[in-house]
Amino acid sequence: MRCLIVDDSTTMRRILEKALREAGFGEILHAPDGPQALQLADGSLDLVVTKWNLPTLGGIELIRRLRGAEETKRVSVLMVTSRTSETDVKTAAEAGVSSYLVKPFSPETLAHKLVVLAQHSAVTVPTTESSESN
């Protein structure tokens, strides 16, 4: 399974990569911004994990462009952000986010989100136990 992590923080990319590897993702690509993410995005991706505030091209615009391209329009997208307002969640949903994860989060919460995404998309992630709800 292939995943693309889009975050300008090296530390956050490492945290996400660790959790994704534990969830069964084998190939994980990294991009520090939207333009590099678009260069790496292709039809072989199973999941894109992006943050909202990215340099050059923000996460919402990145998602819109992914949804607008034939080869990536069906890829699952997990938005990882500290933005919690109802307006922000609605904006993300309208852009095409598959799931929304608010920082700070636990590894169990991330694992749960990945399982939920797997149940509603082509992503296949091993089931994990989690007491946290969606």
Side-chain angles (χ1 to χ4, degrees):
M1 292 186 301
R2 292 184 81 218
C3 178
L4 172 59
I5 299 171
V6 189
D7 198 307
D8 56 336
S9 165
T10 303
T11 301
M12 184 55 71
R13 288 196 310 264
R14 287 181 185 149
I15 290 168
L16 290 167
E17 179 173 2
K18 182 178 187 283
L20 288 161
R21 289 211 186 279
E22 290 173 1
F25 283 84
E27 186 176 355
I28 300 174
L29 307 171
H30 296 257
D33 58 34
Q36 287 188 30
L38 289 172
Q39 289 177 350
L40 295 171
D42 62 25
S44 68
L45 285 175
D46 296 297
L47 176 66
V48 173
V49 179
T50 186
K51 68 183 277 187
W52 189 297
N53 295 318
L54 292 168
T56 313
L57 178 71
I60 294 297
E61 184 57 29
L62 169 63
I63 295 163
R64 288 183 180 130
R65 291 188 188 189
L66 291 171
R67 294 293 181 231
E70 186 63 34
E71 62 188 8
T72 56
K73 70 181 181 183
R74 289 188 178 88
V75 68
S76 292
V77 178
L78 174 61
M79 172 69 73
V80 179
T81 183
S82 57
R83 298 174 79 129
T84 60
S85 79
E86 194 172 310
T87 302
D88 289 337
V89 174
K90 182 179 177 186
T91 298
E94 290 171 350
V97 168
S98 307
S99 191
Y100 200 86
L101 180 61
V102 177
K103 296 185 219 177
F105 58 88
S106 68
E108 295 81 16
T109 303
L110 176 57
H112 177 75
K113 290 285 185 179
L114 293 171
V115 169
V116 171
L117 281 170
Q119 292 170 349
H120 294 98
S121 71
V123 177
T124 306
V125 177
T127 303
T128 59
E129 295 292 319
S130 175
S131 60
E132 298 185 47
S133 63
N134 202 8

Side chain to side chain contact (heavy atoms under 4.5 Å, CB included) between V80 and D7: does it pass, once the steps are laid out? CA-CA 9 Å; V80 179; D7 198 307; 5.9 Å; no

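- Distance CG/D8 to CZ/R13: 8.0 Å, rounded to 0.5 Å.
- Within the model, atoms CZ of F105 and CD1 of I15 stand 6.5 Å from one another, a figure rounded to the nearest 0.5 Å.
- Rounding to the nearest 0.5 Å gives a distance of 11.5 Å between OG1 of T56 and CG of L62.
- For E61, the side-chain contact (heavy atoms from CB on, under 4.5 Å) test picks out L57, R64, R65, with sequence neighbours left out.
- Summarising the geometry of A92 relative to I60, their closest heavy-atom pair is CA-CD1, 3.7 Å, with the distance given to 0.1 Å.
- With sequence neighbours excluded, the residues that form a side-chain contact (heavy atoms from CB on, under 4.5 Å) with T87 are S85, T91.
- Surrounding NZ of K18 are at most 12 heavy atoms belonging to other residues, nucleotides or ligands under 6.0 Å away.
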Between L20 and M1, does a side chain to side chain contact (heavy atoms under 4.5 Å, CB included) hold up when you go through it step by step? CA-CA 10 Å; L20 288 161; M1 292 186 301; over 6 Å; no

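- The minimum heavy-atom distance between V49 and C3, with the atom names listed, is CG2-SG, 3.9 Å.
- Summarising the geometry of P55 relative to P35, their closest heavy-atom pair is O-CD, 4.5 Å, with the distance given to 0.1 Å.
- The NE2 atom of H112 sits 8.0 Å away from the OG atom of S99 when rounded to the nearest 0.5 Å.
- Between atom CD of residue Q36 and atom CG of residue L29 there is a gap of 12.0 Å, rounded to the nearest 0.5 Å.
- For R21, the side-chain contact (heavy atoms from CB on, under 4.5 Å) criterion is met by E17, I28, not counting sequence neighbours.
- In this structure, the side-chain contact (heavy atoms from CB on, under 4.5 Å) partners of V102, at least two apart in sequence or on a different chain, are T84, Y100.
- Taking NE2 of H30 as the start and CZ of R14 as the end, the distance is 9.0 Å to the nearest 0.5 Å.
- In terms of heavy-atom proximity, A95 sits nearest to R67 at O-CG, 3.6 Å.
- For the pair R83 (side chain) and D88 (backbone), a donor-acceptor distance under 3.5 Å is absent.
- With T72 contributing its side chain and V75 its backbone, the two residues share no donor-acceptor pair below 3.5 Å.
- Residue pairs satisfying the salt bridge (charged side-chain N to carboxylate O under 4.0 Å, His left out) criterion with at least one member in residues 24-39, sequence neighbours excluded, are listed as follows: R2-E27.
- Using a 4.5 Å heavy-atom cutoff, the side chains of L66 and V48 are in contact.
- Between L40 and A31, the shortest heavy-atom distance links the atoms CD1-CB, 4.2 Å.
- A heavy-atom distance below 4.5 Å is found between the side chains of L110 and L78.
- With sequence neighbours left out, K73 forms a salt bridge (Lys or Arg N to Asp or Glu O under 4.0 Å) with E70.
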